Amino acid sequence: MARILITSAIPYINGIKHLGNLVGSQLPADLYARYNRARGHEVLFLCATDEHGTPAELAAAKAGKPVDAYCAEMHAVQAEIARGFRLSFDHFGRSSSARNHVLTQHFAGALDRAGLIAEVMEKQVYSIDDARFLPDRYITGTCPNCGYASARGDQCENCTKQLDPTDLINPRSAISGSTNLEVRETKHLFLRQRSLRDRLEAWIDSKTDWPILTTSIAKKWLNDGDGLQDRGITRDLHWGVPVRKGTEDWPGMEGKVFYVWFDAPIEYIACTAEWADANGLPDAAWERWWRTDKGAADVRYVQFMGKDNVPFHTLSFPATIMGSGEPWKLVDYIKSFNYLNYDGGQFSTSQGRGVFMDQALSILPADYWRWWLLSHAPENSDSEFTWENFQTATNKDLADVLGNFVSRVTKFAASKFGNTLPAGGTNGDREEKLIADITAGLRAYEGLMAAMEVRKAAAELRALWVLGNEYLQSAAPWSVVKTDPDQAMAIIRLAMNLIRVFAVTSAPFIPDASAAMMKSLDCDDWTWPDDLGLAMETLPAGHGFSVPENLFRKITDEERADWQTRFSGIRS
RNA sequence: GGCUAGGUAGCUCAGCUGGUUAGAGCACGUGACUCAUAAUCACGGGGUCGGGGGUUCGAGUCCCCCCCUCGCCA
């Protein structure tokens with residue numbers, strides 16, 4: 001039995017995420033967690049909300065709420081939606097937790113002791129009316145290059161020229177519109193990533209089995225231009241982890257907080273501590289997942305994320321861990337995803353384009369979305385969501401192939417033999433062949449799931465369902481029952497046991513449907529079919545069952561057309 | 001403009017270090033079956049593997065040039 005630590009990239013707090021965000025991290029992470037639990041491994045699966053930074057402050061202000069109350073509320077909303085999608089987090093934490101404050105300050109102190117923190121004086125724009133420093137992108141003005149009136153301090157959206165806030169003509173605060181701005185000097189801490197560059201590169205080079213998407217992004221940041229740059233880890237904000245050197249004050253840094261990119265990944269560790277706290281466990285319980293000197297040496301740590309998050313997870317966070325000089329666990333495998341596009345364009349949180357998680361659940365249950373998203377996960381390149389594809393794939397795979405299999409078997413059995421498994425007959429060549437075929441497919445499925453080949457695993461699982469239909473079609477119990485009832489009984493007993501095997505093996509993808517299958521079989525034995533021959537005898541003759549409601553309904557053309565229009569615009 | 005990843009059947013995609021008539025699912029056509037959510041199963045049609053050169057006994061698979069998407073960066 002292995003010990004597997006799984007984290008999903010933590011979603012930002014300011015709003016509900018769309019399906020592209022879901023399929024890029026939380027959903028495949030959940031698939032992997034569920035699969036490994038089913039195989040009997042010790043799994044800890046964690047996620048959290050990323051709560052600090054200016055966007056959270058502004059979103060709270062817009063909602064007319066204090067930022068901490070706003071975050072608490074949005075955390076509850078995201079947690080509820082995660083439950084709706086059956087994301088099986090062992091804990092859903094918060095980067096604003098006390099645990100994360102302490103750990104973030106601890107890492108900063110350790111990095112400082114290691115000589116990896118530089119104090120740098122910077123000039124930054126201060127808004128007197130807003131009483132705050134303004135991040136570059138919250139200063140707008142006229143572009144000196146093209147004359148566009150609403151250029152941002154970091155870049156002009158019109159001519160795409162990269163800008164410095166001081167380049168702008170007539171600069172003003174994007175928050176209040178105030179032009180009462182001045183440039184002030186302010187001190188910030190920088191993580192000296194440059195001095196860790198070679199160690200990071202050697203580490204990345206040792207990860208020969210990582211997806212190309214992951215390593216190519218990391219290598220680019222290591223080698224592009226002047227190579228890996230030092231990065232600021234503090235900001236002049238109120239909302240965040242106060243800058244401290246471990247448990248001590250940091251002279252000259254009073255009133256400042258750590259930059260959100262620095263504290264967010266540390267939340268993976270803090271979240272584990274939150275998990276222990278929530279379950280009344282001592283520190284040793286979470287430390288054995290993270291400290292290689294306290295029992296974490298045998299842990300395999302796997303992270304899931306979209307490609308935009310790769311630089312932080314391959315370079316910045318590892319720099320924090322390595323630089324601390326302490327025996328913290330480094331990630332062993334990073335599974336990264338491309339983007340999911342929406343009907344010919346991009347999903348966009350800021351523009352409200354696409355289908356968002358709460359909307360998705362309001363029109364169909366989680367399993368429908370889980371199946372489509374996972375079986376079309378953007379692993380090798382960006383992939384595309386269209387309503388036509390969603391409709392045909394869902395109807396065919398879930399309703400026709402799997403749902404109908406369960407339906408035809410249980411209804412036939414009930415009508416011919418009543419509501420218990422019949423006793424007659426024995427397996428013949430056809431049955432032995434089915435068991436051999438399913439076994440081969442199952443072993444292939446296991447290999448793909450272990451390798452996190454999500455799309456291929458889905459295809460292999462579907463192929464198992466097809467084998468069930470194929471068998472039934474050639475065994476034809478509806479004909480056999482007329483001449484050789486005993487043989488028909490054996491066929492049905494086998495088919496009913498196959499439903500249980502489908503329930504167990506499909507659960508990582510479609511947990512609710514699996515539970516419904518088990519319930520109709522009046523069974524709660526989730527043992528993985530290592531030996532399929534034995535697994536096919538789990539439900540004995542005389543075992544009771546009931547005919548379930550249809551597992552999946554079909555999406556009609558009218559619904560598809562309706563949703564297509566409803567979600568074509570911008571979310572208000 | 002630089003860099004990454006791609007351009008393979010109508011659609012969505014597989015094709016490891018080059019090797020028999022290029023594969024899957026969907027869609028389409030024909031047949032079988034009637035237990036089942038007009039479901040299932042079988043068979044079939046359909047591709048000069050973005051274009052052009054080259055290496056090789058042999059290239060979708062390697063090299064060069066060009067064209068086109070997507071993303072990142074300047």
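Values in this document were obtained by computation on a predicted structure and should not be read as measured data. Protein chains get the first letters and strands the later ones, always in sequence-line order, with residue 1 at the start of each.
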Q.
Ring centres under 6.0 Å, that's the criterion: do Y268(A) and H313(A) meet it?
A. yes

Q | Audit row: D397(A), R462(A), salt bridge (charged side-chain N to carboxylate O under 4.0 Å, His left out) steps and yes/no | A | CA-CA 7 Å; D397(A) 297 349; R462(A) 184 188 186 282; 2.6 Å; yes

Q: With the side chain of E470(A) defined as its heavy atoms from C-beta on, choose the nearest nucleotide among U37(B), A42(B), C35(B).
A: A42(B)

(Q) Need one value for V481(A): base, sugar-phosphate or nothing, where a base atom within 4.0 Å counts as base even if backbone is also close, heavy atoms only. (A) nothing

Q. Quick one: on RNA chain B, does L467(A) or K416(A) contact a more 5' nucleotide (nearest heavy atom)?
A. K416(A)

(Q) If you take any heavy atom closer than 4.0 Å to RNA chain B, which residues from residues 426-461 of chain A end up in contact? (A) R455(A), K456(A)

Q. Rounded to the nearest Å, what distance is computed from the CE atom of residue M496(A) to the P atom of nucleotide A36(B)?
A. 15 Å

Q: Sequence neighbours left out, what passes side-chain contact (heavy atoms from CB on, under 4.5 Å) with P508(A)? Give chain and number order.
A: L31(A), R34(A), Y35(A), Y445(A), M449(A)

Q.
Could you tell me how far G23(B) sits from C63(B) if I compare only their C1' atoms? Round to whole Å.
A. 27 Å

Q.
Keeping S407(A) on the side-chain end and N404(A) on the backbone end, is there a donor-acceptor pair under 3.5 Å?
A. no

Q: Determine the interatomic distance between C1' on A38(B) and the same-named atom on U20(B); round to the nearest Å.
A: 42 Å

Q) What integer number of Å spans the C1' atoms of G31(B) and U69(B)? A) 42 Å

Q: Provide, to the nearest angstrom, the distance between the CH2 atom belonging to W465(A) and the C1' atom belonging to U40(B).
A: 16 Å

Q. In whole angstrom, what separates L402(A)'s CG from A36(B)'s P?
A. 18 Å

Q. Separation of L374(A) atom CG from G25(B) atom P, in whole Å?
A. 21 Å

Q. Would you call the rings of F412(A) and F417(A) parallel, tilted or perpendicular if under 30° counts as parallel and over 60° as perpendicular?
A. perpendicular

**Q.** For atom CH2 of W372(A) and atom C1' of C13(B), their distance in whole Å
**A.** 12 Å

**Q.** side chain to side chain donor-acceptor pair (under 3.5 Å): pairs with one or both residues in residues 510-522 of chain A, sequence neighbours excluded
**A.** R86(A)-D512(A)

Q. Which distance, rounded to the nearest 0.5 Å, do you find between the CH2 of W372(A) and the CG of L398(A)?
A. 13.0 Å

Q.
Suppose you measure atom P in A5(B) against the same atom in A42(B); what distance do you get, rounded to whole Å?
A. 39 Å

Q: Quote, to the nearest angstrom, the C1' distance that separates G7(B) from C43(B).
A: 32 Å

Give each protein N/O atom lying under 3.5 Å from an N/O atom of nucleotides 26-28 of chain B, with the pair distance.
from, atom 1, to, atom 2, distance (Å)
C26(B), OP1, R462(A), NH2, 3.4

Q | Base-paired stems that RNA chain B participates in, counting runs of 3 or more Watson-Crick or G-U pairs under 3.5 Å | A | B:1-3 with B:71-73, B:5-7 with B:67-69, B:10-13 with B:23-26, B:28-32 with B:40-44, B:50-54 with B:62-66

Q: Give me the ring orientation class for F385(A) and W387(A): parallel if the planes are under 30° apart, tilted from 30 to 60°, perpendicular past 60°.
A: perpendicular

Q: Please report, rounded to the nearest Å, how far the P atom of U40(B) is from the CZ atom of F412(A).
A: 19 Å

(Q) I need the single residue from W465(A), F390(A), F552(A), F85(A) that forms a ring-ring contact (aromatic ring centres under 6.0 Å, His included) with W371(A). Which is it? (A) W465(A)

Q: Find out whether V302(A) and M452(A) are in side-chain contact, i.e. whether some heavy atom of one side chain is under 4.5 Å from a heavy atom of the other.
A: yes

Q: Assess the side chains of R430(A) and S474(A): does a donor N or O sit below 3.5 Å from an acceptor N or O?
A: yes

Q. Which is true for N404(A) with a 4.0 Å heavy-atom rule: it touches a base, it touches only sugar-phosphate, or it touches nothing?
A. base

Q: Measure the distance from CG on N550(A) to P on U37(B) and round it to the nearest whole Å.
A: 6 Å

Q: For A9(B) and A74(B), measure between their C1' atoms and round to the nearest Å.
A: 40 Å

(Q) Nearest whole Å is fine: how far is C35(B) P from R493(A) CZ? (A) 22 Å

**Q.** Flag for Q391(A)-D557(A): side-chain donor and acceptor within less than 3.5 Å
**A.** yes

(Q) When the C1' atoms of A14(B) and U8(B) are compared, how many Å lie between them, rounded to an integer? (A) 10 Å

**Q.** Along RNA chain B (nearest heavy atom to each residue), the more 5'-positioned of F552(A) and D400(A)
**A.** F552(A)

**Q.** Counterpart residues, side-chain contact (heavy atoms from CB on, under 4.5 Å), relative to S415(A) (two or more places apart)
**A.** none

**Q.** Nearest-angstrom distance, P atom, U4(B) to C62(B)
**A.** 15 Å

Q) OP1 or OP2 of A39(B) sitting under 4.0 Å from any side-chain N/O of K554(A)? A) yes

Q. If you check every side-chain atom of W478(A), which of U12(B), U37(B), U34(B) has the closest atom?
A. U34(B)

